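Below you'll find the structure, written out as structure tokens, and then a few comments.
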Amino acid sequence: MMSTHQTTSPHLPLIPISPFPRGCKLRVLAIVFSVALLLPASVSRGAEPAAAKNAIDYNRDVRHILSNNCFKCHGPDAGERKAGLRLDLRDEALKPTESGVPAIVPGKAAESELVRRVFSDDPEVRMPPADSNKRLSDAEKDLLRQWIDDGAEWQQLWSFAPPRRPVPPEISTLKHADWPRTMIDRFVLARLEAEGLRPSPDADRPTLIRRLSLDLTGLPPAPADVDAFVHDKSADAYEQLVDRLMSSPHYGERLALEWLDAARFADTHGYHIDSGRDMTRWREWVIDAFNRNLPFDQFTIEQLAGDLLPVPTLEQRIASGFNRNHMINFEGGAIPEEYHTAYIVDRVNTTGTVWLGLTIGCTQCHDHKFDPLTQKEFYQLFAFFHNVPENGLDGSKGNAAPLLAAPSREQQRKLEQLAAEISTIERELTAPNAEFDRAQAEWENASRKGAPPLWATLAPAELGSAGGATLAKLDDGSVLASGANPATETYTIVAESSLKRVTAVRLEVLPDDSFTAKGPGRSINGNFVLTEVRLASGAVGDVMLKAASADFSQQVYPIANAIDGEPRTGWAIHPEVGKPHAAVFELAEPLEGDGPQRLTIVLDCQSQFGQHQPGRFRLSVTNSPDPRGASALPARIVELVAVADTERSEPQRAELRAYYREHVSSALRPRFEALAQLREERAQIEKRVPTAMVMQEMTAPRETFLLVRGQYDKHGEKVEAGVPASLPPLPAGAPANRLGLAQWLVDPAQPLTARVIANRYWQMVFGTGLVKTSEDFGSQGELPSHPELLDWLAVEFRESGWNVKQLLRMMVTSSTYRQIAAVTPELLAQDPENRLLARSSRLRLPAEFIRDQALAVGGLLDDRIGGPSVSPYQPAGLWEELMSREDGANWTAQSYVQSHGADLYRRTMYTFWKRTSPPPTLSTFDAPDRETCTVRRARTNTPLQALVLLNDPTYVEAARKLAERLLNDGDSTDERIVFAFRLVLARRPSDRELAVLRRVYDKQLAVYRADGDAARALLSVGEAPRDETLNLAELAAWATVSSMLLNLDEAVTRG
Amino acid sequence: MNSQREYERLLNRRHFFGRTATGIGTAALASLVNERLFAADVDESPKPHGVLPAFHFAPKAKHVIYLFMSGGPSHIDLFDYKPQLKAHHGEELPASVRMGQRVTGMTAGQSTFPCVAPMFQFSQHGQCGAWVSELLPNIANVADEIAIVRSLHTEAINHDPATTFIQTGSQQPGRPSLGAWLSYGLGSENQNLPAFLVMISQGSGNKTDQPIFSRLWGSGFIPTQHQGVRLHSGRDPVLYLSDPPGIDRAGRRRMLDGVGELNRLAQESFGDPEINTRIAQYEMAFRMQASVPELTDLAQESRETLDLYGVDEKGTDGGFARNCLLARRMVERGVRFVQLMHRGWDQHGNLPSQIRGQCRDVDRASAALVADLKARGLLDETLVIWGGEFGRTVYSQGQLTNDNYGRDHHGRCFTMWLAGGGVKPGLTHGETDDYCYNIVRDGVHIHDLNATVLRLLGIDHTRLSFRFQGRDFRLTDVEGTVVEKLLA
């Protein structure tokens, strides 16, 4: 008997994925002990213009009340709809409900059931119902009543209406008419003045250059840069500085950092095993794209569908790796289809958050509760991403298919250079050449039948078989083995050479019907493995063999193995058994004598393969100066040589010429050797070429079905790729694939992308988006604080050709951006989050900037752009503690191997990112875990952050190196403090600040003078060498002062 | 369709709830009955320190110690005694029991599914007469203090989704963990220690393929300061806790005083309240540098206590006993949520020998923790939870021999036990079928367990939420029913 709970529970036993999958993640701005987090949405709408509050505006005033409180049961989700009442569309809302009673009668609140229910005191009647945990405030109830009395006008969701370029407020209408520098400022100022506020003055130049440098490059300005800017008298000094910073290669890194969060970039696959992956080349593409200011529409198209462009370049295909950055599972026992589905869901959710600012993830299991998006539409988007030849379980060690060889720029250069050199030699070696052709003709004549024999057969005087075989001399000068057939064999042949000069020995192995498989070997399949050939002469003893060639060698058993001195390797001829073969062994130095020479030849067959020895063989010698040419020719070449040149076809002529030049000609041998070396070099580089995970389209697309409740194994109706009906259709002529989807995302008719992206860059520069919920432009998201400004920026951005640098330039050159950050208690009370922009926001730096700044001011920063990830200092055992297990060697990235040298000091964006154990100091400063897409990071303020900045060896070492700079660069204590301030904060200290640091310095100096060991201990932290010329106690005291500076609120804040 | 009638039903709230009470509406019905929940909040309790302005119920527990047995302990060999199983030993699991249940990729290819009766003896313990395996003699000794729940169930059948589910209420990564929710909702009772601490140990059972992930104590989409702080066994129990060599306490104090003075000057010029927060956090960091080493200094414990837990300096238990003792010290100091992660329970093969070692590692310290908390008067306000992410199959994974077998993952039923913190002691809750395969009575879903845990801490699980991407998220998603029978 099953329990009631089991049979009726909505959590069916087999649901693999929770009904509310998580879409892309954001981190919410929060401050320790803040209670703002639970305040109703209406409170945070305080940024709306006071002036407009008397006329009710649906989008601004009404929608969020209905959305928050009613849409869940009376909204777009047909599956959840109660009483047949739908409130998100006017036509639907005015219809009679299932009961026949109209919920809303425009102009007549008193006759509207909605009003009756909302105002009711009866818990049986009141809406929203008690179990929703929702209650309307009196003000909200009144507002709804007023709205209905006013005629109950609906508006399209603001973000779904196409942005139109608004007319900026006229300067003449503004009180502070001299303040605006840009169009942005007019919008901001008009709003401030409507609220009875005034803007703040410009910040001073040191503040501005630090702000700009951090915002645009993520690095602090050097004191020389500060001085140059402060003393620059030109009228456009500020704009020049902006341009200089935007042309720095670090600009691309800074913008890439935001994008890596959105793209859920990491160096491991995540999930259970969390093995390593390598998407270095994709990250390099992103940095480069920002640096060359690739228009954002193209940036979008290449990342979503670079592989589908008509003739994609390598870089464009690498770009498509954006949609491979999601997690990939390889847990033993997991069901592939379940995870394959999860990857595609991730792609849909990420696309929704990054480009559309919509919580599409909500529709994986049901129609959207708040926005006009259906579950079927989710799977229509899903279909775009469903045709990749990938595996449900993959990535056990490295990158997961589909893959692309993605040589680095350096490798590409080298490979191109090698290819050029190789083709030069190849051309040279195949080009017509009268001299070579003459030599070839001579060789052909000499090789023809009837020509004097080049080889003199050796008549054996003594024959020995270590294995006890019977060896017999045959009439043709060959030797035939019979009788005992041992597992291994060594033949020793002693013979007199008729030649006075010997340059090479030839071994012919011959088939014979007496063998099992006709031979020439005595093994069961006719093969043999000749492991070593040795030669000795009666006159000089052992004779060195310098080269060996054969008419045929089995793969992995080349003839060179027979003279490599290694008994385990040898020459073999499978599958060319049952045929004669020959090998020629060239002597390092010719044997010279007055008469015939007595030679001893040893043939060793000691391989692991039993009875693999030749059964019939013949030995001969030559005195040819070109013994290679004297080698046994392949039968095919013998045939060709026999034909007169005039009788040969052109292909035959080419074949013979190629053979001669490569295998016979001594003159060309150095060129062929050079060619072989170049090819080897190329092979070595190709072996090291990294791969990149990329998108690829299957020729036969998979079918896509709606998944009932989002479950991978519950197929509903079949769907085709398509975009949501509440948004414009795919552009005319766009294909119904990823390329079409990408073109749609950046199509001028599509209202969201330009707004969403402009808003995110606003968020990057000003700290908070004009739409604070930068990941949600839907019904539950916040309204823009400056709707007209947002639309103006969106249109401007789009019409500029999606020019990101120009967009940012507009923002950072505005007066709004240049204001001071100081705030009065009154302004703080009126606008605590600075949504009205009457000042500049003070923003805690992102995790990466904090470390980069410390490395930079300590003179440690390695500023190379791109390259693979590195592993800076990290407390021992963090990965191992999570991962430790006896089968760890089966996977990669299971134990942390710290980098050394310059790699310790690379910019933090190159730090190896392990998803299940992200870099701890970065997590402490709110870096996301990169498991899924993040477009908004938190800025918390915690004691653990203090511990990192005070005690992490990274910062202790940076403080020591900063101290060295101070000691080397200033003469007095005050000078050094001033220099330290200028390095870290870009400004000079006040007298009071000087006094504080002087006091601590003096005291610490006394401490370290008295305790040299303590000084030495402090200065031993970190791998960077210490400047031994500096006084120990002074350096230690300055290191503590430097550490204090790195710990200042102002140091970790962009002010 | 009679729409008028439907409408009347909607009007009639009682009818409405009457209809849905068989499904998801149970919790809602319970809430409706108690109108007080929607009026003034219960205010006879002290106020929480987190975002909740007040407790929703009078809290029974102030602290939680979660002894998470990572890998999935075999409920069949430890708690869920089925004498009838002996008769089925070696027989194929009937299709009527398996009911097409999906199996993991590890046993999907197996041609037979022979049932395995445990090779261990069970007996009844305490006044309550709870059945416990001979493998856990010490836990058996505290049978009257604990409530054994034999009817947990989950949808997940692999470690990653299953552990993520039980810790965060979702199989997919990205949600806040239970401890993070409590830190967020209730805050800390001790301003010198984090609200949520995590410790990891490795048992002697299965030492392969048992990774765990930082997301299991992560904060998901709620602010990062609520994520669990991992405590390590080395020099720095909290990362970067120790001052660098060459800086003593006086030097550190001097530096912090200087930093504080400079920050106050900055506050004067900028007026930014965030600077005051930073000043306060630096002071808390300084206090933590004293409070954490004090916390982890077991030298303060008597020999008797160390022996009670079986703290083994050589660490042959993988560090579990030490972590249990530390957990008690943490709740003594007001830490809200202590998460222990103990690995090694994933016994696919060689289960008999692995589970013996694994039980030896945890039995004594688990029982000692309950007894010690009780002796110190802390058990009433501390909820102890013991269990893993799922159970194991009744059928053998791999070959069944006379003295060896293995068991695969099984989510349809498994056993956990709870103690203290307002849980009814001596209770055995829920029942499975003769094969320990399906639940026949009082099923407890993971969402129900989490709802119950929040309830014991004074929280209505439907009312602790966080808005993310336009939706109010909860630990229990849209589900969860408090298991009233478990409440004392």
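Chain naming here is simple, since letters A, B, ... match the order of the sequence lines and numbering starts at 1 in each. Remember, it's a predicted structure, so these values are computed and weren't measured experimentally.
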Is B:I279 close to chain A through its backbone or its side chain, or both, or neither, when contacts mean heavy atoms under 4.5 Å?
neither

Please find the pair of heavy atoms, one from A:Y1008 and one from B:G246, that lie closest to each other, and give the distance.
OH-O, 2.7 Å

Would you give the length of the straight line joining atom CG of A:L1048 to atom OH of B:Y282, rounded to the nearest 0.5 angstrom?
8.0 Å

Mind checking the CZ-CG spacing from B:R343 to A:L882? Nearest 0.5 Å is all I need.
7.0 Å

Cut-off 4.5 Å, heavy atoms of chain A, and the answer for B:Q289 is side chain

Any idea which heavy atoms bring A:S923 and B:Q227 closest together, and the distance?
O-NE2, 4.3 Å

Within this structure, what is the CD-OG distance for the pair B:E268 and A:S990, rounded to the nearest 0.5 Å?
9.5 Å

Heavy-atom pairs under 4.5 Å with chain B - which of A:E1050, A:M327, A:Q945, A:R992 has more of them than the others?
A:R992

Side chain, backbone, both or neither: which part of B:R230 has a non-hydrogen atom closer than 4.5 Å to chain A?
side chain

Can you name the nearest heavy-atom pair linking A:V823 to B:G271, along with the distance?
CG1-O, 3.4 Å

Looking at residues at least two apart in the chain, or sitting in another chain, which of them share a ring-ring contact (aromatic ring centres under 6.0 Å, His included) with B:H409?
B:H159, B:H348, B:F390

Toward chain A, the part of B:I212 with a non-hydrogen atom under 4.5 Å:
both

Shortest non-hydrogen contact between B:S214 and A:P918, atoms and distance
OG-CD, 3.4 Å

Which value, rounded to the nearest 0.5 Å, describes the distance between B:R471 atom CZ and A:C362 atom SG?
7.0 Å

State, without any angle test, whether A:N133 and B:T462 hold a side-chain donor-acceptor pair at a distance under 3.5 Å.
yes

Counting heavy-atom pairs closer than 4.5 Å to chain B, which one of A:E993, A:R915, A:K1003 comes out on top?
A:K1003

If I measure from the heavy atoms of chain B, does A:Y271 come under 4.5 Å with its side chain, its backbone, both, or neither?
both

Flag the one option from A:D776, A:V996, A:L1045, A:V956 with the top tally of heavy-atom pairs under 4.5 Å to chain B.
A:V996

Compare every heavy atom of A:I335 with every heavy atom of B:V103, then report the nearest pair and how far apart it is.
O-CD1, 4.1 Å

Regarding A:R844 and B:E274, does a basic nitrogen lie under 4.0 Å from an acidic carboxylate oxygen?
no

Selection from A:L878, A:V1041, A:V948 maximising heavy-atom pairs under 4.5 Å formed with chain B:
A:L878

Contacting moiety of B:I157, where chain A heavy atoms sit under 4.5 Å
side chain

If I take atom CD from residue B:Q225 and atom CG from residue A:L944, how far apart are they, to the nearest 0.5 angstrom?
10.0 Å

B:F270: which residues meet the ring-ring contact (aromatic ring centres under 6.0 Å, His included) condition with it, sequence neighbours left out?
none

Taking side chain as everything from C-beta outward and backbone as N, CA, C, O, which of these in B:T164 sits under 4.5 Å from a heavy atom of chain A? Side chain, backbone, both or neither.
neither

Contact part of A:L997 toward chain B, heavy-atom cut-off under 4.5 Å: side chain, backbone, both or neither?
side chain

Any Lys/Arg nitrogen of A:K134 or B:D472 sitting under 4.0 Å from an Asp/Glu carboxylate oxygen of the other?
yes

Under 4.5 Å from a heavy atom of chain A, the part of B:M288 involved
side chain

Rounded to the nearest 0.5 Å, what separates atom CZ in B:R278 from atom OG1 in A:T942?
9.0 Å

For A:L949, is it the side chain, the backbone, both, or neither that has a heavy atom closer than 4.5 Å to a heavy atom of chain B?
side chain

Toward chain B, the part of A:A334 with a non-hydrogen atom under 4.5 Å:
both

